[in-house]
Structures are given as structure tokens and as C-alpha cells.
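So the structure is just underneath, and the comments pick up after that.
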Amino acid sequence: MSDSEIIKRTEDFVREYMGRYDCSHDWEHVNRVVKQALALSRTQPAEKSADTIVVHLAALLHDVDDAKYRVEQGSVEFSSEEFLVGLGLDRVRSALVCRVVDAVSFRKELQFEEQVVQGIADAEEQRWRQNCVELACVQDADRLDAIGAFGVLRCAAFSGARNRPLFIPNDSFIENISYNQYVNTGNSKTATAVSHFHEKLLQLASRMKTKQAKEEAQRRHAFMLQFLEQIDREYSFGDK
């Protein structure tokens, strides 16, 4: 099977699979991540050229079997590597796609950073995370879609799907959130949409890895700050 056929088969699979999630993590989200990841991959310098097939497939598969939905949806553990090998992609590329998919999330990055601080992180894994261009492109693209205007929409949509409050006056949030704290707030029914901005979304611009994503993230970050200021202005209307 050709690379283009493998991509088409993967697209068909993911489009159907994502129908089980709410609209914060739907096919349109995946489609935006694919578009942005490929755009980032094309702008990398020659010495950091990315395998665009790996970038495309990892972007397509990055939210399949997402841990946030696994218990709720009762999904069976999915192996992107075996899925792609089954379509005819070579084992080396398939394994790299799987590795990128497994490392892309904010949650996994927090966990690994804590392992680095504790001195228990795998040295090869640390070098790979720092130098893998395909990971940088997919991770940055996913994070770009978590911030800015689409980030505001997706945050509200996810909170609504989990029946969480959008806003609570004088709400508190966790600064410099740890891995365990992040997992616990992810399972919480009382965490608000606005607290999620402070605990995660406003941290993402500083975590971008590619030059182009860093530049775009600053614009989207500024939009979110304006949005939060507008919330405060609107809520204060009528106060004496």
C-alpha cells in the first residue's frame, strides 16, 4: 500500500473513531492539528528536516485512545504502531509514529519533567524528546489548537461535556501544577473552565518548540489574556 493510501485509510479510521468524543476532541480538531503540523514541518531548517509522512500520521492518530476518554468510553487499548504496520507501513516509521503519539500530551510531558528533576528519567528518552523534529511539529500543532480562539471554544466545549462550571467568582487555581495534580483536576467535576486557562492553557506558549509555533503562540496567548480580562469586566458589571 502506498504512503498516500495509508494516510487515506488512517484518515477514514480516525474520522469515524473521533465521533465517539465530544466536539472539543472531534475530527475537526484533528484536521486542524494535521494542517498546522504539516505547515510547521515544511518550515523547519534543512538540518532539522522532518519526515512528513510520520508527522501526518502522528497528527492524525494523536488523540485516538486518549486517556481522558478511556474510562468514560470503555475503549480498548489501541496500538498505533500495530495499526500502521497492518496497513503496510514499515516497522521503523510505525514505531516512530507511535512514540510521537505517546509523548505528545501535556500530561505526559509533566510526568517526564518530574522524572528528570528526580533523576530517574531515561537519558535516551530525554535526548529524543529534545531533538525529535516530528514530535516538535505535532506537539506544537496540538498545543496551538488548545490556545487562542479555538482554545477558548474547545475549553468551554470540554467543560460542558463534563458538566463542569465555566466560571466561579474568586475561583482558585493551582500554580505550577504537578503531574498528579493535573490528573486529579482532569477527573474533577468542580474544576472550572477558567481555572483550566491558568493551570494549562496559559502555560503552553512558553512550551512551544518550533520557531513558527512560538511566534503564532504569542498572538493566541494575547487573545486568551484579553478574553479573561473581558470575563472579569463583564462579571463586575453592576458591582457597587
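Model, not experiment: these values are computed from the prediction. Numbering starts at 1 and runs along the sequence shown.
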For the residue pair D171 and H198, confirm or rule out a side-chain donor-acceptor distance under 3.5 Å.
no
Are the aromatic rings of F78 and F13 close, with centres under 6.0 Å apart?
yes
Does a donor on one side chain sit under 3.5 Å from an acceptor on the other, for S24 and D22?
yes
May I ask you to decide if R127's main-chain N or O and N131's side chain share a donor-acceptor pair within less than 3.5 Å?
yes
Could you walk me through whether R93 and E134 pass the side-chain contact (heavy atoms from CB on, under 4.5 Å) test, one step at a time?
CA-CA 11 Å; R93 269 176 155 176; E134 292 82 8; over 6 Å; no
Please check if the distance between the ring centroids of H62 and H25 is under 6.0 Å.
no
Stepwise side-chain contact (heavy atoms from CB on, under 4.5 Å) check, L201 with F106
CA-CA 10 Å; L201 305 187; F106 181 73; over 6 Å; no
Go through R164 and F158 one step at a time and tell me if the side-chain contact (heavy atoms from CB on, under 4.5 Å) criterion holds.
CA-CA 8 Å; R164 292 177 177 172; F158 185 78; 3.7 Å; yes
Min side-chain heavy-atom separation L202-L225 under 4.5 Å
yes
For E215, does the CD atom have more than 12 heavy-atom neighbours from other residues, nucleotides or ligands under 6.0 Å away?
yes
Student check: side-chain heavy atoms of V116 and Q126 closer than 4.5 Å:
yes
Is the side chain of K209 donor-acceptor paired with the backbone N or O of C137 at a distance under 3.5 Å, no angle test?
no
Going through the checks in order, is the side-chain contact (heavy atoms from CB on, under 4.5 Å) test met by L89 and L57?
CA-CA 10 Å; L89 190 68; L57 291 169; 3.7 Å; yes
With distance as the sole criterion, is a donor-acceptor pair present between the side chains of Q230 and R233 under 3.5 Å?
yes
Measure across I177 and L110 and return the closest heavy-atom pair with its distance rounded to 0.1 Å.
O-CD2, 3.9 Å
